[in-house]
Amino acid sequence: MDDEYDGDGWGGGDSPGDDSEAGEAENPEEVLSECLKKFSTPDYIMEPGIFAQLKRYFQAGGNPEQVIDMLSGNYKAFAQTANLLAEWLILAGVKNFDVQSMVENHLKDMVLKMFDPKRADIIFTQEGETPGWLTEIIEHPTWRSLVYRLAEEYPDCLLLNFTIKLISDAGYQGEITSISTAAQQIEVFSRVLKTAITSYLSNSEKRQASIAECAKMVCHGQHTYVYSQALLHVLSQEPKGGFSIKRLSQEITKCARENGYDITPILMSLNGSSSHPPACEALSSMFSRSSLNPADISFLYRHYSSNDPPPIELIRTPHLMELLVDALFRPSVKLNPEHKPKYIYLLAYAVSVTEAGRGRSKPASKDELIPTKQAIEKVHNICSSNPSSTEIIAELSTLYSCIRYPVVAVGVVRWVECVVTEPSYFKLCTEHTPIHLALLDEVVTCHQLLHRTVLNLLIQLFESKQDELEILVQLEMRKMLLDRMVSLLCVGCVVPVVQYVIQCWQRGDTDISLIRYFVTEVLEAIAPPYTGEFVQLFLPMVEHEEVTGTTRGDGDNDPVSEFIVYCKANYVNL
């Protein structure tokens, strides 16, 4: 189709204002030859530049009869035929919206196939101003989505970059999900970032998804990361909402680290460590290698146990605390007894000491430091001794009392994860409910913020291959894990648990008896009233004959029938 169009692109290249001057300077024979070549292409009479070309042709002495014959002879009526087919489809009963979608989608496919960024830029530079058709395009969602796809594929196209800015100026920056497109212009990126931060702050129910989306956008490149983190650092100093912004900044830092980016210099420059060069050097060394160093730990311990410690913010970073938790609670890590108290002290200091005010270095309260340090030490001693189930039961009182401390709960989850993910764990386990997993029930009861972490661990175990176990033993193991999920549901983690089981059911890769078992256990544990979201998720699974057909009685007295009847009576919109 390239040969069917003139070199000026999408019909916007022939500028009537330039034709008279161009015609006087051009060779008439060349003009006639060029015009006749264009007139011989199919449907050229429908091109927007037809009148400019006719003017050039006649000024050069062209024959009117010849041009009429050529234009009429090459008229194929492609556009009119498409319109006629669309009208026939509507008369045949197809909805107007469906016909419009068919036409638009076909046009989108053709544009994606034939788009030439060089020709597009020629149009852009020749117009000298914003083309009228461009402002009309951005008013329609279909064509905006086309622009996004083209901009992703041709990031250097001037016309597309300008169109993206127009779209952002028009208030549609929430649609620009392609960071490659947004990151080309700081104005566009700023608006998209603002929209992402606003979504994170205003939508608490889907905060994790908002964090992931924002982190992906910020981590697109070094320039977007530095700009965004500097902005978030300023916002985190605000009294209202500052801590939420700081959490977002930390999650973005974690995402960048997981993607293999070396963000240590940027992190150090933003957290104020530049004013404390020795501490900065020790932290940078560990962050760059992503591992703890006894010498650096000893240095930090000496300074933070002094009468004039550095700001707590320097060590209150997720990366350092994750490294400390790993060192103290992973069974495979063996610490030097001489350095162990220093690790424990720094972790306890980071999570328990409060400062007098933001930006002030002297701690205002160390009241929780000693009991937190003692709790970490007690549980660390239990976990590092590789205890048997009987020994753990003997220490349950100590574990339960110490789990009340959030940092200890995090350490227990890390320890349990390391133990139960060993390939031979369930093969050697003799209890119906392993004591390690029973500890997770206490963790989720005490700490809502660890619900998703525990759920992810349960999902990992539920989906793990246990080929060494007999089929019936595998089913019993998964029923036990479903029991843990039901316990998690009962303490408030409702929607994520139900959504996961629904995914298992819809994928069809989970034994239907396990789905039936989960539904039965949930129905025994819950009671009305229910939220609309829960009913919308759970009711289709309860109603499905394959899932609950064998558990229903003849009347309406069984739990399945009672739940269905109650929902139908009280949730009429479902």
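Throughout, numbering of the chain's residues begins at 1 and tracks the sequence.
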Which atoms form the tightest heavy-atom contact between [X] and [Y], and what is the distance?
X    : Y    : value
P540 : W505 : O-CH2, 3.9 Å
G61  : L32  : C-CD2, 4.3 Å
R478 : S464 : NH2-O, 2.9 Å
I245 : S236 : CG2-N, 3.8 Å
D43  : A79  : OD2-N, 4.5 Å
Y227 : S190 : OH-OG, 2.7 Å

Sequence neighbours excluded, which residues qualify as side-chain hydrogen bond (donor to acceptor under 3.5 Å, both in side chains) partners of [X]?
X    : value
E322 : R257
D511 : S513
R316 : none
R452 : none

Does any part of the side chain of [Y], heavy atoms only, come nearer than 4.5 Å to the side chain of [X], both counted from C-beta?
X    : Y    : answer
E104 : L107 : no
H319 : T253 : no
E87  : V99  : no
V522 : V501 : no
S145 : K108 : yes
Q80  : M46  : yes
Y571 : L539 : no
P529 : Y566 : yes

Keeping [X] on the side-chain end and [Y] on the backbone end, is there a donor-acceptor pair under 3.5 Å?
X    : Y    : result
T198 : K194 : yes
T264 : S284 : no
S285 : E281 : no
T163 : L159 : yes
H140 : T142 : no
Y57  : P64  : no
R516 : V547 : yes

| E34 and R56: CA distance, side-chain angles, deciding distance, salt bridge (charged side-chain N to carboxylate O under 4.0 Å, His left out) verdict | CA-CA 10 Å; E34 179 185 341; R56 292 181 65 212; 3.4 Å; yes

Counting only heavy atoms not in [X], do more than 12 sit closer than 6.0 Å to its [atom1] atom?
X    : atom1 : result
L91  : CG    : yes
H106 : NE2   : no
Q66  : CD    : yes

Just jot down the salt bridge (charged side-chain N to carboxylate O under 4.0 Å, His left out) partners of [X], sequence neighbours excluded, or say none.
X    : result
E313 : K246
E463 : R507
E251 : R247

What residues form a ring-ring contact (aromatic ring centres under 6.0 Å, His included) with [X], not counting sequence neighbours?
X    : result
F518 : none
H233 : none
Y154 : F115
Y200 : none

| query | Going by atom types alone, do E417 and T453 pair a side-chain donor with an acceptor below 3.5 Å? | reply |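 No pair is found: no donor N or O on one side chain lies under 3.5 Å from an acceptor on the other.
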
| query | After noting the C-alpha distance and the side-chain angles of V498 and F534, does the key distance pass the side chain to side chain contact (heavy atoms under 4.5 Å, CB included) rule? | reply | CA-CA 8 Å; V498 176; F534 171 73; 4.0 Å; yes

If I take atom [atom1] from residue [X] and atom [atom2] from residue [Y], how far apart are they, to the nearest 0.5 angstrom?
X    : Y    : atom1 : atom2 : answer
D326 : M321 : CG    : CE    : 13.0 Å
H223 : S228 : NE2   : OG    : 9.0 Å
L54  : K38  : CG    : NZ    : 11.5 Å
I459 : Y500 : CD1   : OH    : 5.5 Å
T41  : L36  : OG1   : CG    : 11.5 Å
L89  : N96  : CG    : CG    : 10.5 Å

| field | Pair C255-K216, side chain to side chain contact (heavy atoms under 4.5 Å, CB included): steps then yes or no | value | CA-CA 8 Å; C255 177; K216 180 181 178 182; 5.7 Å; no

| query | Is the distance between the ring centroids of F538 and Y530 under 6.0 Å? | reply |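 Distance test on ring centres: not under 6.0 Å, no.
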
| task | Sorted by first residue and then second, give each salt bridge (Lys or Arg N to Asp or Glu O under 4.0 Å) pair with at least one member in residues 61-84; sequence neighbours left out. | result |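 Pairs touching residues 61-84 that pass the test: none.
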
| field | Test side chain to side chain contact (heavy atoms under 4.5 Å, CB included) applied to I252 and L248, step by step | value | CA-CA 6 Å; I252 291 172; L248 176 61; 4.1 Å; yes

| said: Using side chain to side chain contact (heavy atoms under 4.5 Å, CB included), reason through K568 and E543 one step at a time and then give a plain yes or no. | reply: CA-CA 11 Å; K568 294 294 185 182; E543 286 185 307; 2.9 Å; yes

